[in-house]
Amino acid sequence: MVESLDFLKALNPQQREAVETTEGPLLVLSGAGTGKTRVLTTRIAYLLATGCARPWEILAVTFTNKAAKEMKERLEKMIGAQASGVWLGTFHAIGVKILSKYPGLVGLKSGFIVLGTDDQERLVKQIMQERGLDIKKWTPGIVLDIISRWKDKGLLPEQITAALDTDYCGGCVADLYRIYQERLRLLNAVDFGDLLLLPLVLFKNHSDILAEYQKKFKYILVDEYQDTNVAQYLLLRLLAKGHGNICCVGDDDQSIYSWRGAEVGNILKFSQDFSGAQVIRLEQNYRSTAHILGAASALIAQNEGRLGKTLKVADGRDGSGDLVLVKSYWNGSEEANKIVELVEDEQRAGRSLSQIAVLVRASFQTREFEEALIRAGIPYKIVGGFKFYEREEIRDAVAYLRLVLNPDDDLAFLRVVNKPKRGIGEGALKNIQTAAREKRLSLFQAVGWASLRPSVRKILDGFISKIKEAQKEAKELPPARLAPHVLQEMGYIDFWRQEKSPEAESRLENINELYNVLGEFETIADFIGYTSLLMDADETAAEEQLLVMTLHASKGLEFETVFLPGWEEGLFPHQKTLDESSVQGLEEERRLAYVGITRAKEKVFISYAFNRRVYGQWQSASASRFIEELPPEHIDNQARRKKPMMMDIEDFSWQIPVKKEIPIPAHKRRVGRKVYHETFGDGVVVREEGDRLEVLFADFGLKKVLAKFLEVM
DNA sequence: GGGTTGCCCGTTTTT
DNA sequence: CGGGCAACCC
């Protein structure tokens, strides 16, 4: 039975203990760079190899699809095909799996849809408007946020007490929550919160089903435990009651998602929650140099209420390595340009661009870097931004498919009924909605009953018959063939074709990409079920490019060199965090700083600017308090203490738009070519995607324009 | 019903 | 400064 346990030899004593302590609750406090993923995967392999469990008796939950995918791949390398039997996925994916088995028991029907944020907000807005609430005074976004936080806590509408509901809307959010839930069920839809909340309801009302799962999952493993919310905790506690073998891996110092409902408390009180829990600390860091760890450790030590860990430097790294460099700049644009020069220095020193990252606090900061990098001709990628499935054109296309799959999907109907413009306005829709409510029908069905002008009726009849036609075709055509046909028929493709903007072309490209994704599914239902939980299309392969991203997005990644710009009071720590959550907020910001520093293996550059443009307004700034908190022995502080006078700055090279010659490669490309545009004037082509060119204009900055509007100089 | 202007407001973001 | 949205006008 016992296969080779060779994989244990690759572990240090603490890691090995974390793997071999299979029975009972176990908390593995895993500091940055101490090998937590290795421990998790090895633990699963160990459980299987020793015969403790069969694959389907192991539940492993992660936070992101990316983490789940990575773990699955690593597990497959270790144990092969057995890996596919393990219940491994995000909390939400596991939630879907459970709910899909018993939809009827929680008020759903099979084939329920998972709503994205925009659909959720639309729904809340609609409910608020029906209630006659002032959308300006009380925004649907915030109401949805409050509801989501309640869901994160595992609270149902009837559990919201008056005391919980006084913050906003004069205490009517609980009411809105109740109606919102009713409306979701009517639509046979759930939101992300429901994927955790409804399994809890299911288990609470059906102890036999709970018992089944409790018996099934002999071993439970949880990644990034510091990021779990109360609902996830409750779910884990229920499931773990069976065998009591729950192993949570996390780092309280890297908890940075409290604003999204994560509870640091979960990891802090693990030992009380799971009696008899053992705690193992992984403190052997394999990633960073002594100075980097020294700086990061000292910084995070300023936080109260930690479980406490001391990261140890890997052997042979003592005393070696560069100090953490701290610099100050006149303003944000000097900062960006000088950092880009430093990036070029790194390149000259032989460092690969893919091993360098710029990590910022807020996404608006990426813009300055984008411009500076383009000027310097350095390939880069802004991580994050718009996700594939969040794009307007993709959500529209998916809505068309949803409507074909299920014409009673009111949200899909509303989204596409007048897109492209067909002449269906507010008034007509109101009438349909009224009819729908009276007859208790879906909007699609209610069209026949609504009082409509003949012209409008004719348009809608055409719309409906086209959808019905598509439904017939769906029985014969695979989704990848059906979708282009439907979108063409409905006029959606022409809608973007007629649009003259350069974005339109990339939207069409995205729709084509969607057809590719559809190629992997046999039915629309399969596709909808699969993608509802995915936010992003597959990542493009790692190329030789510099990454620019937010600190949040960088968690779990590592680079040789890390640049941390914008360490200013008000930006980092962010003012809003301080205003809203004072000390707690400050500590989370500090953890964010800790995450940033510990991403680096070799070099860390921290910087700040004395002036920054915020909302078009120049603002004076001072160094972040976090810089003061860095121990002098680990840093090389080259920053000016006081804000200099403008005349004290010797070097203004960053201010003049650098008209650097971008070398034109031998093969004929348009990148680097000087061009002229009617409106924007002189510029240089910096990127090329078909006829869509990205041009850096001397007076207007970066713009995307169509090639035909440009004259070559 | 659809286009235009003018006002408000502005972190972080995965599922 | 610039996007999103609602009131306003054709």
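Each chain gets a letter, A, B and so on, in the order the sequences are listed, and its residues count up from 1. Not measured: the values here are computed from a predicted model.
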Undergrad: Regarding Lys125(A), tell me which of base, sugar-phosphate or nothing describes its non-hydrogen contacts under 4.0 Å with the strands shown.
TA: sugar-phosphate
Undergrad: Can Asn266(A) and Thr228(A) be counted as having a side-chain donor-acceptor contact under 3.5 angstrom?
TA: yes
Undergrad: How close or far is atom C1' of dC9(C) from atom CD of Glu426(A), stated in whole angstroms?
TA: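 Spelled out: CD on Glu426(A) to C1' on dC9(C) is 16 Å.
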Undergrad: Could you tell me the separation between the CZ atom of Arg149(A) and the P atom of dT14(B), rounded to a whole number of Å?
TA: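 After rounding, the gap between these two atoms is 14 Å.
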Undergrad: In this structure, how many angstroms lie between the C1' atom of dT14(B) and the CG atom of Asp223(A), rounded?
TA: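 After rounding, the gap between these two atoms is 14 Å.
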Undergrad: Less than 4.0 angstrom from a charged side-chain N to a carboxylate O is my criterion; do Glu588(A) and Arg591(A) meet it?
TA: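 Yes, charged N to carboxylate O under 4.0 Å.
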Undergrad: When all nucleic acid strands are considered with a 4.0 Å heavy-atom cut-off, which category describes Gln575(A): base, sugar-phosphate, or nothing?
TA: nothing
Undergrad: Taking 4.0 Å as the cut-off, does a side-chain nitrogen or oxygen of Asn418(A) come that near to OP1 or OP2 on dG2(B)?
TA: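 Affirmative; the distance criterion is met.
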Undergrad: Using whole Å, what does the distance between atom P of nucleotide dG4(C) and atom CD of Glu392(A) come to?
TA: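 Distance check: Glu392(A) CD to dG4(C) P gives 9 Å.
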Undergrad: Pick base, sugar-phosphate or nothing for Asp227(A), based on heavy-atom distances below 4.0 Å to the nucleic acid.
TA: nothing
Undergrad: Report yes or no: is the cationic atom of Arg260(A) (NZ for Lys, CZ for Arg) under 6.0 Å from the centre of the six-membered ring of Tyr257(A), at an angle within 45° of the ring normal?
TA: yes
Undergrad: Which letter, B, S or -, goes with each nucleotide of nucleotides 6-13 of chain B from 5' to 3', with contact meaning a protein heavy atom under 4.0 Å?
TA: ----BBBB
Undergrad: Report which part of the nucleic acid Gly95(A) touches: base, sugar-phosphate, or nothing (heavy-atom distance under 4.0 Å, all strands).
TA: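 It contacts nothing in the nucleic acid.
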Undergrad: For dT11(B), does the O4'-C1'-N9-C4 (purine) or O4'-C1'-N1-C2 (pyrimidine) torsion place it in syn, i.e. within 90° of 0, or in anti?
TA: syn
Undergrad: Which label fits Phe495(A) and Tyr492(A): parallel for a plane angle under 30°, tilted from 30 to 60°, or perpendicular past 60°?
TA: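 Answer is tilted, since the angle falls between 30° and 60°.
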Undergrad: To the nearest Å, how far apart are Gln226(A) CD and dT14(B) P?
TA: 16 Å
Undergrad: Is the Tyr177(A) to Tyr180(A) ring centre distance short of 6.0 Å?
TA: no
Undergrad: Taking only the side-chain nitrogens and oxygens of Asn65(A), find out if one of them lies under 4.0 Å from OP1 or OP2 of dT14(B).
TA: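 Indeed not, no polar side-chain atom of Asn65(A) lies that close.
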Undergrad: Measure CZ/Arg395(A) against C1'/dT15(B) and give the value in whole Å, please.
TA: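 After rounding, the reported distance stands at 12 Å.
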Undergrad: With sequence neighbours excluded, what pairs up with Asp252(A) under the salt bridge (Lys or Arg N to Asp or Glu O under 4.0 Å) test?
TA: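 If we apply the salt bridge (Lys or Arg N to Asp or Glu O under 4.0 Å) test to Asp252(A), skipping adjacent residues, the hits are Lys309(A).
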Undergrad: Is Asp396(A) salt-bridged to Arg391(A), cutoff N-O under 4.0 Å?
TA: no
Undergrad: Quickly work out the Met128(A) CE to dA6(C) P distance and round it to whole Å.
TA: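 Rounding to the nearest Å, CE of Met128(A) and P of dA6(C) are 11 Å apart.
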Undergrad: What does Phe63(A) touch in the nucleic acid at a heavy-atom separation under 4.0 angstrom: a base, only the sugar-phosphate, or nothing?
TA: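 Answer is sugar-phosphate: Phe63(A) comes under 4.0 Å of backbone atoms only.
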Undergrad: Separation of Leu195(A) atom CG from dT14(B) atom C1', in whole Å?
TA: 12 Å
